[in-house]
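Owing to the predicted nature of the structure, the values given are computational and were not obtained by experimental measurement. Reminder, nothing fancy here: chain letters follow the sequence lines and each chain counts from 1.
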Protein chains: 2
Amino acid sequence: MKTKTIIIDDHTLFNDGMSLILKESGFFEVIEQIYDSRQAQTKCFSLRPELIIVDYNMPHLNGLEVVKQLNALGSDMKIVIVSMYADKKEIELFKKEGIDAYITKTTPGTQLIEALKKVMEGEKLFESKNIAKTVIEKDFFAIKHQLTKREMDILRLIKQEETTEKIAEMLNLSFYTVETHRKNINHKLKFKTKKEFYEFLETLDE
Amino acid sequence: MKTKTIIIDDHTLFNDGMSLILKESGFFEVIEQIYDSRQAQTKCFSLRPELIIVDYNMPHLNGLEVVKQLNALGSDMKIVIVSMYADKKEIELFKKEGIDAYITKTTPGTQLIEALKKVMEGEKLFESKNIAKTVIEKDFFAIKHQLTKREMDILRLIKQEETTEKIAEMLNLSFYTVETHRKNINHKLKFKTKKEFYEFLETLDE
DNA sequence: GAAAAAATACCTGTTAACAGGTATTTTTTC
DNA sequence: GAAAAAATACCTGTTAACAGGTATTTTTTC
């Protein structure tokens, strides 16, 4: 019996290509290709695949959000992330969600098949060896969890390039209060460069 | 006769997937898959493909540089760019190099085959219709070319988060000179947000 | 219900960026 | 070799961010 598989990737070409790689192998049957991550949960619920391959970078819902939705279904599907990058801490995040493998797009097709077969046998695979060298190591996730709710509110407005004055106005707070929050945020973040700060802001949800 | 094709893409998985899509179609024969862009020129010279598919984003040599190298060979191979994004002005750049098609990775496999067949018949294809909606329209390239050499020098140091004072020191210039350059740069760039400015800095080569 | 954490508010002083100027010298272009 | 472009330099004033404080009120936690 071939493994019933669903591929979730907005890059149609990549999705189609991977689909063919799986079919060619003779071990996998692609029962559905999803190009819009928002359809992931309902389709996986109704089609009940044994294996789901999820792209990390997608519009609307990113890979992590999709995984969370799939986990909410509470079934025993295997979930594999295929990503362009291999951020150590991002992998940590996915591990917390209990995914079965994290594979980069630089993996050859044959290796992918081998990896997927192992996953179906219950193994967990994470490309953590090659990773450390190439990739940014910032633990944005951990940092985020040092911040309070109010601090996050203010950060989101900072992301929108609002000034302290405007933020105070918008949240009906004193200018000084917002300044204090910013000060506390800065103490917690301690980024060395503005670029790093802006990259961090990018990881915030609106 | 099948069209002899070479695929140049560092993402092995994508390269393999596309290769299968082409083979499946029955119209194309993938005579070589290149994962390292630095091998493009020599391999294409010796193997003489009729069609070359080039990824845009690659380490070492990006798509544009590869195309330039291929053009230097002076043969009549068709060149097609496959890119994640569809930046209008980037397409312009490639057009200048005389490529035959620019296709995004959101194209379904069947459409890719149709497009490639048309290319082999001499047509030129550029995905400029679907593009405008989804993609950032910033003409970073054009902006860059408004800047003078000295302004670029200073921008690169700004990218490294140096202050006006330090930049002046490093370039053996007066503080005021650097300030003037920054002023002129700002007048030329006119970015609305800091984020946009930092994104622009990212497109600079060191 | 006491203790800790989070949110609020105010004050002073510094600093780097930036926008507005003007002006001279050097280099490039035709 | 004249004209245009690029690079250099100086000056004034404003502004937003930020680091250093202190202090009270509200909410959460055990």
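- Evaluation of the salt bridge (charged side-chain N to carboxylate O under 4.0 Å, His left out) rule for A:Lys43 yields A:Glu32 as partners, not counting sequence neighbours.
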Please produce a list of atom pairs where a protein N or O lies less than 3.5 Å from an N or O of nucleotides 2-4 of chain D.
none

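- Straight-line distance from the CD atom of B:Glu161 to the C1' atom of C:dA16: 13 Å, rounded to whole Å.
- Nucleotides of DNA chain D nearest to A:Lys183 and A:Glu165 differ in position, and the one nearer the 5' end is that of A:Glu165.
- The interatomic distance linking B:Asp153 (CG) with D:dT8 (P) rounds to 9 Å, in whole Å.
- Residues meeting the ring pair (Phe, Tyr, Trp, His ring centres under 6.0 Å) test with A:Tyr35, sequence neighbours left out: none.
- Taking B:Asp100 as the reference, B:Lys124 meet the salt bridge (charged side-chain N to carboxylate O under 4.0 Å, His left out) condition, with sequence neighbours excluded.
- Side-chain N/O atoms of A:His181 include one lying less than 4.0 angstrom from OP1 or OP2 on C:dT8.
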Go along nucleotides 24-30 of chain C 5' to 3' and tag each nucleotide: B for a protein heavy atom under 4.0 Å from its base, S when only backbone or sugar atoms are that close, - otherwise. -------
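- When the side chain to side chain contact (heavy atoms under 4.5 Å, CB included) test is applied to B:Lys117, the partners found at least two apart in sequence or on another chain are B:Phe27, B:Phe28, B:Ile113, B:Glu114.
- For A:Asp55, the salt bridge (charged side-chain N to carboxylate O under 4.0 Å, His left out) partners at least two apart in sequence or on another chain are A:Lys105.
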Would you be so kind as to tabulate the donor-acceptor pairs closer than 3.5 Å made by side chains of residues 166-177 of chain B, with sequence neighbours excluded?
from     : atom 1 : to       : atom 2 : distance (Å)
B:Ser174 : OG     : B:Tyr176 : N      : 2.9

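- Contact check, A:His187 against D:dC18: no side-chain N or O comes under 4.0 Å of OP1 or OP2.
- When the side-chain hydrogen bond (donor to acceptor under 3.5 Å, both in side chains) test is applied to B:Asn184, no partner is found at least two apart in sequence or on another chain.
- Between B:Thr163 and the phosphate of C:dA16, there is no side-chain N or O to OP1/OP2 separation shorter than 4.0 Å.
- Using a 4.0 Å cut-off between charged nitrogen and carboxylate oxygen, B:Glu151 and B:Arg182 do not count as a salt-bridge pair.
- For DNA chain C, each stem of at least three Watson-Crick or G-U pairs (distances under 3.5 Å) is given as range with range: C:1-30 with D:1-30.
- In the region residues 168-180 of chain B, proximity to DNA chain D at under 4.0 angstrom, judged on heavy atoms, holds for B:Leu173, B:Ser174, B:Tyr176, B:Thr177, B:Glu179, B:Thr180.
- Residues passing the side chain to side chain contact (heavy atoms under 4.5 Å, CB included) test with A:Thr42: none are found, sequence neighbours excluded.
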